[in-house]
S.K.: 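Just passing along the structure, written as structure tokens.
A quick note: this is a predicted structure, and the numbers were derived from the prediction, not measured.
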Amino acid sequence: MRSFQTLAAEPGAPLKRQPANGHDAVHWLKQASVKLEDARQTVISASTRMDAAWDAVLMACLAVACAEGWRATSDKGHHQVVLEGTASSIGLTQARMDELDTLRDWRNRKYRAGFNVDPGELDEAIAWVSPFLDAVGRWFKREKAALVKQGLAP
């Protein structure tokens with residue numbers, strides 16, 4: 001897994017340097033939690049729940065990128081880049097990274113005609129997201145506590 005620094009050095013990388021920002025990082029983290037709760041809502045469609053599961057991962061990754069001094073652009077590949085950079089920053093295992101990358105692939109199938117979300121895959125996706133958000137939270141406590149405190153200040 002490559003770091004944000006390494007990923008940003010590639011031509012056309014969808015990452016830009018910015019000062020670390022506690023306010024934005026905290027808001028990304030809050031959105032990640034909201035999206036996970038959305039993914040758990042059985043009254044909405046399975047495809048919307050799968051989107052929400054991936055969005056929870058994406059928002060957490062954007063929080064880590066922000067805390068590390070990076071901003072993702074909307075250029076091609078930005079989801080993959082922030083996932084990989086986050087995995088490197090927080091010390092995610094390759095197996096956990098692969099699970100989350102599988103979730104990204106499942107979410108992207110919605111762009112194919114006739115796609116339906118497999119209920120088992122949705123359950124698995126949601127089961128992967130919660131421990132990932134916990135790992136991100138532990139990383140913030142361990143590595144970015146001052147930034148979080150700044151972000152929580154009025």
S.K.: Can you give me the closest heavy-atom contact between Ala20 and Ala67, atom names plus distance?
M.R.: CB-O, 3.4 Å
S.K.: Can a donor-acceptor pair be found, under 3.5 Å and without considering hydrogens, that links the side chain of Gln18 to the backbone of Arg71?
M.R.: no
S.K.: Using side-chain heavy atoms (C-beta onward) and a distance below 4.5 Å, is Glu10 in contact with Leu15?
M.R.: no
S.K.: For Leu92 and Met1, which heavy atoms make the closest approach, and how far apart are they?
M.R.: O-CE, 2.9 Å
S.K.: Work out which heavy atom in Ala39 is nearest to a heavy atom in Ala52; give both atom names and the distance.
M.R.: N-CB, 3.7 Å
S.K.: Taking the side chain as every heavy atom from C-beta outward, state whether Arg96 and Pro131 have any atom pair closer than 4.5 Å.
M.R.: yes
S.K.: Give me the atom names and distance for the closest heavy-atom approach of Met97 to Leu83.
M.R.: SD-CG, 3.8 Å
S.K.: Please check: side-chain N/O of Thr86 versus main-chain N/O of Val82, any donor-acceptor pairing under 3.5 Å?
M.R.: yes
S.K.: Could you tell me the separation between the CZ atom of Phe4 and the OG atom of Ser89, rounded to the nearest 0.5 Å?
M.R.: 5.0 Å
S.K.: To the closest 0.5 Å, what do you measure between CD1 (Ile126) and CD (Glu121)?
M.R.: 12.0 Å
S.K.: Just grab all the side-chain hydrogen bond (donor to acceptor under 3.5 Å, both in side chains) pairs involving residues 138-151, residues at least two apart or on different chains.
M.R.: Glu68-Lys144
S.K.: Roughly how far apart are Ile90 CD1 and Cys61 SG, rounded to 0.5 Å?
M.R.: 7.5 Å
S.K.: Output yes when a side-chain donor or acceptor of Thr102 lies under 3.5 Å from a complementary backbone atom of Asp98, and no otherwise.
M.R.: yes
S.K.: For a side chain to side chain contact (heavy atoms under 4.5 Å, CB included) check, start with the C-alpha distance between Asp101 and Gln80, then their side-chain angles and the critical distance, and finish with the verdict.
M.R.: CA-CA 8 Å; Asp101 201 36; Gln80 175 62 34; 2.7 Å; yes
S.K.: Which distance, rounded to the nearest 0.5 Å, do you find between the CG of Asp24 and the CG of Leu62?
M.R.: 10.5 Å
S.K.: Considering all heavy atoms of both residues, which atom of Ala72 and which atom of His78 are nearest to each other, and what is their separation?
M.R.: CB-CB, 4.4 Å
S.K.: A side-chain contact here means heavy atoms from C-beta on lying under 4.5 Å apart; do Ser130 and Asp134 qualify?
M.R.: yes
S.K.: Can you check side chain to side chain contact (heavy atoms under 4.5 Å, CB included) on Arg17 and Gln5, steps first, answer last?
M.R.: CA-CA 9 Å; Arg17 262 290 182 200; Gln5 182 77 34; 3.3 Å; yes
S.K.: Keeping the roles fixed (side chain from Arg40, backbone from Ala53), state whether a donor-acceptor pair exists under 3.5 Å.
M.R.: no
S.K.: Between Leu36 and Ser33, does a side chain to side chain contact (heavy atoms under 4.5 Å, CB included) hold up when you go through it step by step?
M.R.: CA-CA 5 Å; Leu36 177 56; Ser33 292; 5.8 Å; no
S.K.: Kindly compute the distance separating CH2 (Trp70) from NZ (Lys16), expressed to the nearest 0.5 Å.
M.R.: 9.5 Å
S.K.: Nearest 0.5 Å, please: how far is NE2 in His79 from CZ in Arg104?
M.R.: 9.0 Å
S.K.: Do you know which two heavy atoms are closest between Ala60 and Leu133, and how far apart they sit?
M.R.: CB-CD2, 3.5 Å
S.K.: By the definition side chain to side chain contact (heavy atoms under 4.5 Å, CB included), identify the one residue from Asp38, Thr42, Val117, Val43 that meets it with Arg49.
M.R.: Thr42
S.K.: If you take the centroid of each ring, where Trp contributes its six-membered ring, are Trp128 and Trp54 closer together than 6.0 Å?
M.R.: no
S.K.: Indicate if Leu147 and Leu152 have the same hydrophobic cluster label, given that clusters are the connected sets of ILVMFWY residues with side-chain heavy-atom separations under 4.5 angstrom.
M.R.: no
